[in-house]
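The structure presented is a predicted model; accordingly, all values stated were derived computationally and were not measured. Values below: every heavy atom of this structure, side chains too, minus hydrogens, waters and symmetry copies.
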Amino acid sequence: MSTRQDGVIPDFLRMDDAIGSDPANADKTGNWQGWPTKDLNPVKLMDDEGRTVRIRTPVMDLEGLITPTDLHYTVQHFAVPPVVETDKWQLKIHGEVKNELTLNFDQLRRFPGRTVRTVMECSGSDATFFEYFKDEGPKPSRTQECMILSASEWTGVPLAAVLNASGLSDKSLYVRAVGNDEGVPATAAEGTKPFYYDKGLPIQKALHPDTILAYAQNGQLLEHLHGAPVRLLVPGWSGNWSVKWLTDLEITTEMPECWYHYEFYYYGNSVDDPNKELITTIGVKSIVTQPNDDTDKMTKGVHMVRGYAWSGAGAISNVDVSVDGGDTWHTAHIEAPRDRYMWVRWSYQWNAEKAGNYNIMSRATDEVGRVQSREPRYNNMRKNFSAIVGYPITVE
Ligand SMILES: Nc1nc2c(c(=O)[nH]1)N[C@H]1C(S)=C(S)[C@@H](COP(=O)(O)O)O[C@H]1N2
Ligand SMILES: [Mo]
């Protein structure tokens with residue numbers, strides 16, 4: 001990168017207008033390019049070498065729709081796998097196909113590209129609210145804890161293009177996507193052998209044009225923590241389907257028995273529940289970000305209530321806001337665009353004229369008619385909390 005040094009300005013940086021900076025800036029601290037933005041602090045976990053291995057997103061402090069990549073949450077169940085150089089990477093497509101394929105990075109990028117903007121939510125996001133709703137735990141602070149929820153623009157090639165090139169048959173019904181990270185889950189039965197993270201995507205979702213093999217995020221090649229060189233991206237479905245560090249696509253006739261299917265990311269009452277349900281599409285959900293969830297007092301007057309709303313099943317059609325704990329609801333303004341997989345920002349102008357106690361809530365509805373629920377869908381794994389949360393506020 002070229003910077004101005006010792007008063008020598010290379011020709012390509014020269015412009016006709018004056019260069020320099022207002023003298024007042026000399027007193028200001030901070031990095032020039034970033035100043036004077038508010039410092040955003042994701043919750044982070046480091047490995048022994050001081051490298052970031054886990055990130056939680058400060059959603060309460062975000063503006064706009066795209067989560068900057070360094071604030072985008074990360075989840076991986078096993079240790080972060082070794083870095084694979086892009087030019088050494090290979091993807092094997094095998095199993096129930098006419099031609100088994102091995103693609104390198106260049107060959108993958110010869111397929112026509114596609115960019116998808118989507119919210120990504122981990123099934124474990126907001127899990128502590130299940131205890132809170134049962135009066136078994138304190139109220140979680142999304143501000144303090146940050147969230148396992150983000151949104152990005154992902155660029156890659158449709159998985160369908162690669163599958164079609166390998167030749168599918170009537171018997172090609174699932175795509176088992178395998179990552180390069182290996183381990184044994186902490187809760188696995190004794191004697192469980194180490195395995196690579198994998199998920200078995202049904203062919204219908206695999207062939208959807210928005211399901212992509214992504215190699216870039218927010219305008220840059222993927223970072224290692226997000227699954228470089230190439231990851232699967234399954235918009236609308238819970239984050240755990242978007243397998244990172246892809247090595248293999250195994251096409252199968254039967255649903256493959258992936259450990260994370262019915263041992264971890266499922267709905268049920270217990271591990272032995274005979275009616276366990278695989279978690280796929282994410283719920284319809286909204287959160288209030290302003291006032292943030294650590295605020296309990298406000299002054300009389302006009303306040304903007306703001307937040308995000310999203311759904312895995314379709315665009316958001318409606319957001320309603322209540323300040324009286326759900327007795328009466330008011331239509332919030334939804335800020336464009338309303339993209340199919342993205343969250344929307346919404347706002348509601350609240351004229352808090354009278355002192356007293358209030359309880360702020362938001363309720364999202366999506367285009368297929370799903371309405372955010374008051375009661376959580378309880379399940380023993382505490383997955384996919386999406387219920388309406390109330391925020392008590394005293395106006396003084
Ligand atoms: N290979 C691999 N892919 C994975 C996981 C994993 O443990 N290993 N975790 C999944 C889960 S649970 C989530 S929520 C998303 C998170 O993607 P991100 O870290 O890029 O945000 O990745 C998914 N893909
Ligand atoms: Mo997740």
Side-chain angles (χ1 to χ4, degrees), residues 45 47 51 53-55 73-97 100-105 107-108 120 122-124 148 154 156-157 159 162-163 166 172-203 205-206 211-215 217 222-234 237-266 271 278-280 381 383:
L45 201 83
D47 68 8
R51 295 197 184 91
V53 289
R54 185 172 293 173
I55 301 173
Y73 84 82
T74 70
V75 169
Q76 52 279 331
H77 293 283
F78 307 141
V80 175
V83 170
V84 173
E85 306 292 337
T86 302
D87 57 7
K88 306 243 167 61
W89 175 82
Q90 285 193 328
L91 179 65
K92 295 199 177 70
I93 300 110
H94 53 99
E96 196 59 48
V97 289
E100 304 213 325
L101 293 179
T102 301
L103 299 176
N104 64 27
F105 194 69
Q107 290 164 332
L108 180 78
M120 190 185 283
C122 179
S123 275
I148 327 180
W154 302 90
V157 304
L159 173 60
V162 171
L163 294 177
S166 67
S172 316
L173 294 179
Y174 296 90
V175 178
R176 179 174 159 253
V178 187
N180 195 32
D181 47 333
E182 192 187 22
V184 180
T187 55
E190 241 187 83
T192 304
K193 300 230 161 56
F195 62 89
Y196 290 95
Y197 185 84
D198 61 347
K199 293 285 291 187
L201 192 63
I203 197 70
K205 189 69 174 172
T211 298
I212 62 173
L213 300 171
Y215 52 76
Q217 178 181 8
L222 270 195
E223 292 184 359
H224 186 53
L225 269 188
H226 292 293
V230 177
R231 79 177 302 167
L232 182 61
L233 185 82
V234 186
W237 283 24
S238 189
N240 62 78
W241 287 95
S242 293
V243 177
K244 305 196 276 189
W245 306 296
L246 265 190
T247 59
D248 284 74
L249 298 174
E250 184 194 357
I251 321 308
T252 63
T253 300
E254 308 276 331
M255 174 64 121
E257 287 182 10
C258 306
W259 191 88
Y260 281 97
H261 284 178
Y262 288 103
E263 300 290 332
F264 204 82
Y265 289 116
Y266 65 85
V271 201
L278 196 61
I279 287 175
T280 55
M381 295 304 287
K383 297 303 178 204

- Item | Ring geometry between W259 and F195 (parallel below 30°, tilted from 30 to 60°, perpendicular above 60°) | tilted
- Task: Return the minimal non-hydrogen interatomic distance between L163 and A206, and the atom names on each side.
- Result: CD1-CB, 4.0 Å
- Please tell me if the side chains of W241 and L232 come closer than 4.5 Å, counting only heavy atoms from C-beta onward. no
- Message: Quick one, E250 and D198 - any side-chain contact, counting heavy atoms below 4.5 Å?
- Response: no
- Hey, what do you get for CD (E254) to CZ (R176), rounding to the nearest 0.5 Å? 14.5 Å
- Looking at CH2 of W89 and CG of N104, how far apart are the two atoms once the value is rounded to the nearest 0.5 Å? 8.0 Å
- Item | Whether R231 side chain and H226 backbone form a donor-acceptor pair below 3.5 Å | yes
- Query: Yes or no on ring pair (Phe, Tyr, Trp, His ring centres under 6.0 Å) for F264 and Y260, after CA distance, side-chain angles and deciding distance?
  - Reply: CA-CA 5 Å; F264 204 82; Y260 281 97; 5.4 Å; yes
- Item | Residue pairs involving residues 74-83 (criterion side chain to side chain donor-acceptor pair (under 3.5 Å); sequence neighbours excluded) | Q76-K244, H77-Y265
- Test side chain to side chain contact (heavy atoms under 4.5 Å, CB included) on I203 and V175 and set out the steps. CA-CA 6 Å; I203 197 70; V175 178; 4.0 Å; yes
- Non-hydrogen atoms of I279 and S123 that approach each other most closely: CG2-OG, 3.7 Å
- Message: Taking the side chain as everything from C-beta on, heavy atoms only, tell me whether T247 gets closer than 4.5 Å to Y196.
- Response: no
- Give, for atom CG of L246 and atom CG of L108, the distance between the pair rounded to the nearest 0.5 Å. 9.5 Å
- Task: Write down the atom of Y174, the atom of G200, and the distance for their closest heavy-atom approach.
- Result: CD2-O, 4.1 Å
- Go through the steps for Q217 and L222 under the test side chain to side chain contact (heavy atoms under 4.5 Å, CB included), then give the verdict. CA-CA 6 Å; Q217 178 181 8; L222 270 195; 3.8 Å; yes
- Message: Between V80 and D47, is the side chain to side chain contact (heavy atoms under 4.5 Å, CB included) condition met? List the steps.
- Response: CA-CA 9 Å; V80 175; D47 68 8; over 6 Å; no
- Message: Given 3.5 Å as the limit, does a donor-acceptor pair link the side chain of T86 with the main chain of P229, or not?
- Response: no
- Among K199, K383, H261, the one residue meeting side chain to side chain donor-acceptor pair (under 3.5 Å) with N240: K199
- Donor-acceptor pair, W245 side chain versus P82 backbone, under 3.5 Å? no
- Query: Which atom names give the shortest non-hydrogen contact between C122 and S238, and what distance separates them?
  - Reply: C-OG, 4.4 Å
- Item | Heavy atoms of other groups near E257 CD, more than 12 under 6.0 Å | no
- Item | Separation of I148 CD1 from M120 CE (nearest 0.5 Å) | 12.5 Å
- Query: Within the distance-only criterion (no hydrogens, no angle test), does the side chain of S172 pair as donor or acceptor with the backbone N or O of V97 below 3.5 angstrom?
  - Reply: no
- Task: Would you mind reporting whether T102 and K92 have side-chain heavy atoms less than 4.5 Å apart?
- Result: yes
- Message: Using every non-hydrogen atom in the two residues, find where D248 and H94 come nearest and quote the distance to one decimal.
- Response: OD2-NE2, 2.8 Å
- Query: Side-chain contact, heavy-atom cut-off 4.5 Å: L91 with V230?
  - Reply: no
- Message: Does any part of the side chain of L159, heavy atoms only, come nearer than 4.5 Å to the side chain of I212, both counted from C-beta?
- Response: no
- Task: Taking all non-hydrogen atoms of both residues into account, name the closest pair between I55 and L225 and its distance.
- Result: CD1-CD1, 4.3 Å
- Determine, stepwise, if the pair F105 / D87 fulfils side chain to side chain contact (heavy atoms under 4.5 Å, CB included). CA-CA 7 Å; F105 194 69; D87 57 7; over 6 Å; no
- Query: To the nearest 0.5 Å, how far apart are CG in L101 and OG in S166?
  - Reply: 5.5 Å
